[in-house]
Structure formats: C-alpha cells, structure tokens
Amino acid sequence: MSNMPNEHNKEEFKLIVNKIEKEWGEQFITGAQILTLAGSPEDWVVNQLVPGGGEDPEIAPTKKVDLDLKAEPEGVKKFQTRKPKTNPG
C-alpha cells in the first residue's frame, strides 16, 4: 500500500510497441506519442497490429487509440513503427 496521494486513481495501460511491452498513464494515446514511446523518428509511420487477416490500420500522428482492454480489438493493443514508404519518382 502506498502513501502517495491519488496514486490509486492513476491507472497504467499496457501496450506493445515493436514487440516490447510499454506502459502508458492514460487511456488514450496518439500516433505521435507511440512514435516517441518507441524512440522512432517523428516522420515514421505507426500501424496498429490487429488479429486476423486484412490490413493493419495506420495510426495518424493526431489519431487517438483507446488502450482499454475492452476496446476493439480486445486485449493489449499492439503497434509497429516503420519508415514511411517512398513513392517511386
């Protein structure tokens, strides 16, 4: 039991970024914050890894993702950062 005031109100949300488990102090996180957490350059791209077939959606720098375990897709949210694709000139 901790004597820190209001500590019991602060919930840590788990997420996995580039196969490494991280913790975040808020229920929502943006694409830009995921890049910072990953230590990736700010011009990189974030994809949310979703189970099953289909594409893993890109998370824009200002887009918020709900890290609650009950939010879709259920469970700990997984993300991957990557260099942006370059279009052939």
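Everything quoted here is computed from the prediction, not taken from an experiment.
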- Query: So how far is it from Leu69 CG to Gln27 CD, rounded to the nearest 0.5 Å?
  - Reply: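 Here the interatomic distance stands at 10.0 Å.
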- Item | Interatomic distance, Ile16 atom CD1 to Lys22 atom NZ [nearest 0.5 angstrom] |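 Going from CD1 on Ile16 over to NZ on Lys22, the span is 11.5 Å.
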- Item | side chain to side chain contact (heavy atoms under 4.5 Å, CB included) partners of Ala71, counting only residues at least two apart |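 Side chain to side chain contact (heavy atoms under 4.5 Å, CB included) list for Ala71, sorted by chain: Asp66, Asp68, Lys77.
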- With Glu12 via side chain to side chain contact (heavy atoms under 4.5 Å, CB included) - residues at least two apart: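 In terms of side chain to side chain contact (heavy atoms under 4.5 Å, CB included), with neighbours along the sequence ignored, Glu12 is linked to Lys10, Glu23.
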- For Thr36, side-chain hydrogen bond (donor to acceptor under 3.5 Å, both in side chains) partners two or more places apart: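 Partners of Thr36 by the side-chain hydrogen bond (donor to acceptor under 3.5 Å, both in side chains) criterion come out as none, since no residue qualifies.
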- Pairwise side-chain contact, Pro73 with Gln48, heavy-atom cut-off 4.5 Å (strictly under):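 When only atoms from C-beta onward are counted, Gln48 and Pro73 do touch, with a gap below 4.5 Å.
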- So, do Gln80 and Asn18 sit near enough that their side-chain heavy atoms are less than 4.5 Å apart?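 Yes, side chains in contact.
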- When you look at CD of Glu55, are more than 12 heavy atoms from neighbouring residues, nucleotides or ligands closer to it than 6.0 Å?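 Atom CD in Glu55 is not crowded, with 12 or fewer foreign heavy atoms closer than 6.0 Å.
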- Task: For Lys64 and Thr30, work out which heavy atoms get closest and say how close.
- Result: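 Answer, listing the atom of Lys64 first, then Thr30: CG-CG2, 3.9 Å.
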- Item | Side chain Asp56, main chain Asn47, donor-acceptor under 3.5 Å |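 A pair under 3.5 Å: no.
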- List, by chain and then residue number, the residues other than Leu15 in its hydrophobic cluster (Ile/Leu/Val/Met/Phe/Trp/Tyr, side-chain heavy atoms under 4.5 Å); write none if there are no others.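 For the cluster that includes Leu15, the remaining residues are Phe13, Val17, Trp24, Ile29, Ile34, Leu35, Leu37, Trp44, Val46, Ile59, Val65, Leu67, Phe79.
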- Message: Taking transitive links into account, so neighbours of neighbours count too, which hydrophobic residues share a cluster with Val45 at under 4.5 Å side-chain distance?
- Response: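 Besides Val45, the cluster holds no residue at all.
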- salt bridge (charged side-chain N to carboxylate O under 4.0 Å, His left out) with Glu58: which residues, sequence neighbours excluded?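 Residues passing salt bridge (charged side-chain N to carboxylate O under 4.0 Å, His left out) with Glu58: Arg82.
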